[in-house]
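Only a predicted model underlies this, so the values are computations on that prediction, with no experimental measurement involved. The figures that follow rest on heavy atoms only: side chains count, while hydrogens, waters and symmetry mates do not. Residue numbers start at 1 and run along the sequence shown. Note that ligands are numbered from 1 as they come in the structure, with each ligand's atoms numbered from 1 the same way.
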Amino acid sequence: MQSYSKSLRLQGKRIAFVPTMGYFHEGHLSLMKEAKKMAGCVVVSIYVNPAQFGPKEDFSKYPRDLERDLKMAESVKVDVIFYPPDDEIYPADYQTYVDVEKVTQNLCGISRPGHFCGVTTICLKLFNIVKPHIAIFGKKDFQQYISIKRMVDDLNLDLQIIGLTTVREPDGLAMSSRNKYLKENERSSALTLFVSLKLAQKLYSGGERKASTIINEVKKLIKKADYTDIDYVKICETNTLNDVNEIKSQSVIALAVKVGKTRLIDNHVFGEKLKV
Ligand code: PAF
């Protein structure tokens, strides 16, 4: 992959990169389609990165289907699929990790210690292998997007990070490979995440700026739905991801909720369109 990327660069080709863990859905495809518009060569990696899963998390049962992914990627004319084996990414004597200190602490950083260190480490490794000019991420994983941008700025990496709007199911549920885990009777409860983001935006549009008021209303709504167990509902400043009391600058409401056994996340930047 590294020498292929070198040769593409020598030919003056622009490389757009979409890192993924596979099990594609429309959200992934929209990142790939966007990548296609931005560069002559689109590289998509498929790698379920063990370093970003905690010991009690779903690494071994994370959905995988390479054949299906290859067909889907082909349908949007992806040029290269990079599918590295574990022992090439993390050989036996592997010992180097990159840690973004502050923006990784709040939100998912609290309930998933070490997760973002695993994410930034694999992304840095993949950037060094794929050598992209542009890398594209979905903003459903808002904290991931901010952490990667921070790493790229802090380490002077020569690539542009682009974040794209969350792709949703027709009813509003954010697309995620983990939606596959939802049982039939949990699916409507999962929709509460989107409905509660709409409520938050409505309160904001009505002039509410007190974070605790919005958070309490959102929590009340989520608790009403069956099978839900809130990990967090927080309102943070978008660059620092620090909690805010009053919404004064650009802020995001971010949620993590377990629906049955499935942990789902979603978010909304106040004032932006919350579209399906
Ligand atoms: O968002 C994901 O799928 C993963 O966290 C990523 C960015 C591919 C790193 O493993």
Side-chain angles (χ1 to χ4, degrees), residues 1 15-32 34-35 42-54 57-66 68-69 72-73 78 80-86 88-90 94 96-100 103-104 107-109 111-132 134-152 155 157 159-168 174-181 241 254 256 262-267:
M1 184 70 242
I15 305 172
F17 178 41
V18 182
T20 82
M21 299 205 297
Y23 209 74
F24 297 154
H25 49 67
E26 272 306 316
H28 292 113
L29 296 191
S30 80
L31 303 182
M32 296 174 203
E34 217 43 50
V42 174
V43 179
V44 173
S45 63
I46 300 178
Y47 183 64
V48 185
N49 171 36
Q52 70 188 74
F53 289 80
E57 293 183 356
D58 56 345
F59 172 70
S60 56
K61 72 166 188 155
Y62 194 84
R64 295 159 168 91
D65 190 340
L66 183 63
R68 176 178 165 277
D69 285 349
M72 288 174 79
V78 162
V80 179
I81 292 281
F82 177 51
Y83 180 67
D86 271 341
E88 282 187 23
I89 295 293
Y90 299 113
Y94 190 84
T96 306
Y97 294 86
V98 52
D99 211 356
V100 176
V103 293
T104 59
L107 304 170
C108 290
S111 36
R112 303 189 70 189
H115 167 70
F116 289 109
C117 177
V119 169
T120 45
T121 299
I122 190 64
C123 285
L124 181 55
K125 285 172 69 69
L126 292 170
F127 294 160
N128 284 331
I129 297 167
V130 175
K131 302 184 183 305
I134 313 165
I136 305 183
F137 293 84
K139 284 197 194 163
K140 181 178 77 73
D141 299 296
F142 194 79
Q143 191 173 15
Q144 166 172 286
Y145 163 67
I146 297 294
S147 303
I148 290 164
K149 274 206 329 177
R150 189 72 264 152
M151 172 182 76
V152 165
L155 298 182
L157 303 185
L159 84 157
Q160 192 190 352
I161 300 297
I162 295 187
L164 296 182
T165 313
T166 303
V167 178
R168 299 181 180 280
M175 288 199 183
S176 161
S177 304
R178 289 191 169 99
N179 290 350
K180 180 189 153 65
Y181 300 148
L241 298 186
T262 310
R263 186 176 180 278
L264 300 175
I265 56 171
D266 206 342
N267 69 80

- What pairs with T165 under side-chain contact (heavy atoms from CB on, under 4.5 Å), at least two apart in sequence or on another chain? none

- Task: Would you please name every residue forming a side-chain contact (heavy atoms from CB on, under 4.5 Å) with P113, sequence neighbours left out?
- Result: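 In terms of side-chain contact (heavy atoms from CB on, under 4.5 Å), with neighbours along the sequence ignored, P113 is linked to no residue.
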
Considering only heavy atoms of [X], which atoms of ligand 1 have at least one such atom less than 4.0 Å away?
X	result
T20	8 (C)
P19	8 (C)
I122	9 (C), 10 (O)

What protein heavy atom sits nearest [atom], and how far off is it?
atom	result
atom 10 (O) of ligand 1	Q52 OE1, 2.6 Å
atom 2 (C) of ligand 1	Q144 NE2, 3.8 Å
atom 3 (O) of ligand 1	M21 CG, 3.5 Å

- Task: Return yes if a side-chain donor-acceptor contact under 3.5 Å exists between Y181 and D58, otherwise no.
- Result: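 Present: a donor and an acceptor within the cut-off.
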
- Query: Do any nitrogen or oxygen atoms of N49 lie less than 3.5 angstrom from nitrogen or oxygen atoms of ligand 1?
  - Reply: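 No, there is no polar N/O contact under 3.5 Å.
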
- Task: Evaluate whether atom OH of Y94 has more than 12 neighbouring non-hydrogen atoms of other residues, nucleotides or ligands under 6.0 angstrom away.
- Result: yes

- For the pair Y97 and Y90, name the ring-plane relationship: parallel under 30°, tilted 30 to 60°, perpendicular over 60°. parallel

- Item | F116 backbone acceptor or donor facing Q144 side chain under 3.5 Å |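 Not a single qualifying donor-acceptor pair exists.
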
